[in-house]
Number of protein chains: 2
Amino acid sequence: MAESTDGERARPGGSARSAVVAVAVRLFTEAGYEATTMDDIAVAAGMSRRSLFRRFGSKEDILFAEHDDLFETVERFLEAAPDDDPVATVRSAARMVFQEYVRSPEVTVPRFRLVRAVPRLRDREIAMTARYQAAFSRFLARGETAGRRALTGEALAASVIAAHNHVLRSWLHAPQEPVPWRRFDEAMGFVTDSLGALLREPAEAPRSAASGAGAGAESVLVAVYPAGIPGEDVLARVRGALGAEGG
Amino acid sequence: MAESTDGERARPGGSARSAVVAVAVRLFTEAGYEATTMDDIAVAAGMSRRSLFRRFGSKEDILFAEHDDLFETVERFLEAAPDDDPVATVRSAARMVFQEYVRSPEVTVPRFRLVRAVPRLRDREIAMTARYQAAFSRFLARGETAGRRALTGEALAASVIAAHNHVLRSWLHAPQEPVPWRRFDEAMGFVTDSLGALLREPAEAPRSAASGAGAGAESVLVAVYPAGIPGEDVLARVRGALGAEGG
DNA sequence: CCAAGTTTGGCATCTAGTGTCATAGTACGT
DNA sequence: ACGTACTATGACACTAGATGCCAAACTTGG
């Protein structure tokens, strides 16, 4: 052991930690990520190379330190959340992440540029979002790791992440623009409406069998129609679709 | 340049390449990934350390060499595909990847175990699947990088990857079992049916502040019912749902 | 058989990351 | 105040991945 990778004991020296991050981001931006050595950062931050490694574990971790903290916050949020409406909870969690990104652009925007430019950092960022996705997925599936419910949870988690990143990326490209909260909520509603309904449905249908196993014994019907179309037209379309598929 | 990272010039020595991969996988499995040095691999493969780096760029790349080749194949497949049915094309591409995994378990299964055990490799694997996701997403959105169509493409790509990995993982945990092609196709159909329909519909209708779950230009209706339920019952449910939401 | 180009190997070097140990700073009980 | 125990820091050494450089070996073509 002896190295412990830090991670929880973060509080003492939290502000000094942020100062180091700021210095590192500046150096990375000025001279490039690869060209900046840990020695450079240590000198600029006024500490020894060894202590730098102790505080942050690795060079990448300096850049993603605050991101890691955020993830832990989100995890605690999910742990503490009631499970009456998992989809809404996950949507809120995603909103939290978005909120934190737009709240401190002085860190997230330079980091975004660095991440785009350096493959190694890009992979790290992707791994980060994958951790969110796994957390969301676990929360949505509520323990199940196989079966239709697990699959739906994974697909929904993936879609939520995709929607989040879709809007976030567009803002990061032009951070001087106002924060697109509306588009965020629309995008989030878009994915949670379609797949989220599939996750909720089996529980809300008390009448039919729908017993425990649920191993692929269901069929899925999806209809898309412009808003405002009369209900009968929708019914007609559904009837047509049912006929076509032999249901 | 001078280092070129190889990648396209792979053919001369392709079989020798695979032999090196096999040797490396064996060493990694026997002694652990971290504990196996590039020198060890070089000796076991009968070549110099320097040449090993030239052929594979990095230690990780040895393990993922064949995976990279597969990705290139998939990319070419997407480039060559007609764009009459992008969703079906992406589904086929995902099927190709699945096929390649189950085709050579002697490489993919040990790699899976290594990837699960070593965080660094796990991140690499995740980055790999993210590349697929990006390729799928680009193909589905057909150039658009913003707007509803782009978002749908990204969510669908994410869901396709999620479904693929869902089934793949379950097989990798028990590779002696028969390949679950049926579950793969079911899972793929599940996600492409729901989100895929949204992508096909042009429906750029004006927003009409639909009550409740609306939020987008379209309304989405999703129904899940046990297979075998009479069509009229489905219609009745749909009618009920429409009435409830005020459509 | 020789010339031009490519592949390979050996060597040096750079840097991230880790183990170790001594020292400086700090909290605490007497 | 004083010594003690604990923690943070820094200096040093070392491992290993990765890259540049150059010479030797090999391949190709005339």
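If you're wondering where the values come from, they're calculated on a predicted model, not measured in any experiment. Every chain is numbered from 1 and lettered A, B, ... according to where its sequence line falls, protein lines coming before strand lines.
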Nearest to the side chain of A:F53 - C:dT15, C:dT18, D:dA18?
-> C:dT18
Between B:E79 and B:R76, is there a salt bridge with N-O shorter than 4.0 Å?
-> no
Is the shortest side-chain N/O distance from A:S51 to OP1 or OP2 of D:dG10 below 4.0 Å?
-> yes
B:W181 and B:F98: CA distance, side-chain angles, deciding distance, ring pair (Phe, Tyr, Trp, His ring centres under 6.0 Å) verdict = CA-CA 9 Å; B:W181 280 112; B:F98 188 73; 5.0 Å; yes
Between A:H67 and A:Y101, does the ring centroid distance fall short of 6.0 Å?
-> yes
Taking for A:L52 and for A:R49 the nucleotide of DNA chain D with the nearest heavy atom, the one nearer the 5' end belongs to A:L52
Distance in angstrom units between B:F56 CZ and D:dT19 P, rounded = 15 Å
Sidechain N-carboxylate O distance under 4.0 Å for A:R91, A:D185 | no
Please tell me which of the listed nucleotides, C:dG9, C:dG17, D:dG17, lies nearest to the side chain of B:T37?
-> D:dG17
Determine: side-chain N/O of B:S48 to OP1/OP2 of C:dG9, distance under 4.0 Å, yes or no.
-> yes
Phosphate OP1/OP2 of C:dT18 contacted by A:R54 side-chain N/O (<4.0 Å) = no
Does a side chain donor of either B:S170 or B:R183 reach within less than 3.5 Å of an acceptor in the other side chain?
-> yes
When the distance from CZ of B:R17 to P of C:dT8 is rounded to whole Å, what number comes out?
-> 12 Å
Return the value, rounded to whole Å, for the distance between atom NZ of A:K59 and atom P of C:dT15.
-> 9 Å
Could you tell me the separation between the OH atom of B:Y33 and the P atom of D:dG17, rounded to a whole number of Å?
-> 8 Å
Report yes if at least one side-chain N or O of B:R55 is closer than 4.0 Å to OP1 or OP2 of C:dT8; otherwise report no.
-> yes
Gap between atoms CZ and C1', on A:R120 and C:dT15 respectively (whole Å) | 11 Å
Could you check how far CD of A:E34 sits from P of D:dG20, rounded to whole Å?
-> 12 Å
Check the distance between D:dT19's C1' and B:D61's CG and give it to me in whole angstrom.
-> 15 Å
Please state how far atom CZ in B:R50 lies from atom P in C:dG9, giving the value in whole angstrom units.
-> 11 Å
